[in-house]
Amino acid sequence: LAKVDALNQKVFERVGKTLKVAFCAVEVDGVSDPAARVKAIVGKSNLALVLIGKDGDTMQKAVDAVKAEKPLIYCADAGNIDAFAGIAAAAKVPLAIAGANLEELGDLTQKAKAKGAEDLVLAFKGTDVAETLRTLTKARRAALKKNCRALGYPSMVETADETPEL
């Protein structure tokens, strides 16, 4: 919980702008009591909450404990889309979805929408800056120019490096 206090107060100065941490990400898989873990963090944090995991049962326990805080569920994929979309729909919380490619991502967003999940975010892995930018551009163009509604959601990128600007 000391790390949560540090995140609450973290401020950066970049190119004359003051930046603050926007959210607190909590891994819930592999924890004996995910509900207790997220409740403890919510009690100390004043930041938006992102719940990270792959197991549907574990995510269900974590979301049930803090659904009033509207945490982002990260990250549904082909292996857990049914469970995660159901959790997001029932709790009315946002859901991040990742796919192996844009076609799969579009299919998964449609599946989540059909399950009742309303607030969706497209999740991308940022292992290569140039390739990530190309993928983000393709997704946005498909949504805007080709009217592909399945890719017309906000995007987020998980960087693979602790210093992604390098």
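Residue numbers count from 1 along this sequence.
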Original post:
Can you name the nearest heavy-atom pair linking L151 to A142, along with the distance?
Top reply: CD1-CB, 3.9 Å
Original post:
Is the closest side-chain heavy-atom distance between F124 and L102 below 4.5 Å?
Top reply: yes
Original post:
Tell me, which pairs form a side-chain hydrogen bond (donor to acceptor under 3.5 Å, both in side chains) where one or both residues lie in residues 89-106, sequence neighbours left out?
Top reply: none
**OP:** Treating Ile, Leu, Val, Met, Phe, Trp and Tyr as nodes and any side-chain heavy-atom pair under 4.5 angstrom as an edge, say whether L7 and L72 lie in one connected cluster.
**Re:** no
Original post:
Once you round to the nearest 0.5 Å, how far does CG of L51 lie from NZ of K67?
Top reply: 13.0 Å
Original post:
Near R140 CZ, under 6.0 Å, is it more than 12 heavy atoms from other residues, nucleotides or ligands?
Top reply: yes
Subject >> Point-to-point distance, once rounded to the nearest 0.5 Å, from CG of L105 to CD of Q110 >> reply: 10.5 Å
**OP:** Write out all pairs satisfying salt bridge (Lys or Arg N to Asp or Glu O under 4.0 Å) with one or both partners inside residues 35-45, taking only residues at least two apart or from two chains.
**Re:** D5-K44
**OP:** Please round to the nearest 0.5 Å and tell me the distance separating atom CE of M156 and atom OH of Y74.
**Re:** 5.5 Å
Subject >> Derivation of the side chain to side chain contact (heavy atoms under 4.5 Å, CB included) call for L47 and N8 >> reply: CA-CA 7 Å; L47 302 170; N8 285 335; 3.7 Å; yes
**OP:** Give the minimum heavy-atom separation between A88 and L95, together with the two atoms involved.
**Re:** CB-CB, 3.9 Å
Subject >> Side-chain donor or acceptor of T109 paired with backbone N/O of A150 under 3.5 Å >> reply: yes
Subject >> Nearest heavy-atom neighbours spanning Y153 and L120 >> reply: CB-O, 3.6 Å
Original post:
Which pair of non-hydrogen atoms, one from V38 and one from A65, has the smallest distance, and what is that distance?
Top reply: CG2-CB, 4.0 Å
Subject >> Rounded distance (nearest 0.5 Å) linking atom CG of D82 with atom NZ of K111 >> reply: 5.0 Å
**OP:** Would you indicate whether the side-chain heavy atoms of K125 and V157 approach each other to under 4.5 Å?
**Re:** no
**OP:** State, yes or no, whether a side-chain contact exists between Q60 and D57 at a heavy-atom distance under 4.5 Å.
**Re:** no
**OP:** With rounding to the nearest 0.5 Å, note down the distance linking CZ in F23 to CG in L49.
**Re:** 10.5 Å
Subject >> Pairwise distance CE(M59) to CD1(I52) - rounded to 0.5 angstrom >> reply: 8.5 Å
**OP:** Apply side chain to side chain contact (heavy atoms under 4.5 Å, CB included) to the pair F84 and I97, showing each step before the final yes or no.
**Re:** CA-CA 9 Å; F84 277 29; I97 303 173; over 6 Å; no
Subject >> Heavy-atom closest pair, residues V28 and G53 >> reply: CG2-CA, 4.3 Å
Subject >> For the student: nearest non-hydrogen atoms of K54 and N80, plus distance >> reply: O-ND2, 3.1 Å
Original post:
V31 and T58: side chain to side chain contact (heavy atoms under 4.5 Å, CB included), yes or no, with the steps?
Top reply: CA-CA 9 Å; V31 177; T58 303; over 6 Å; no
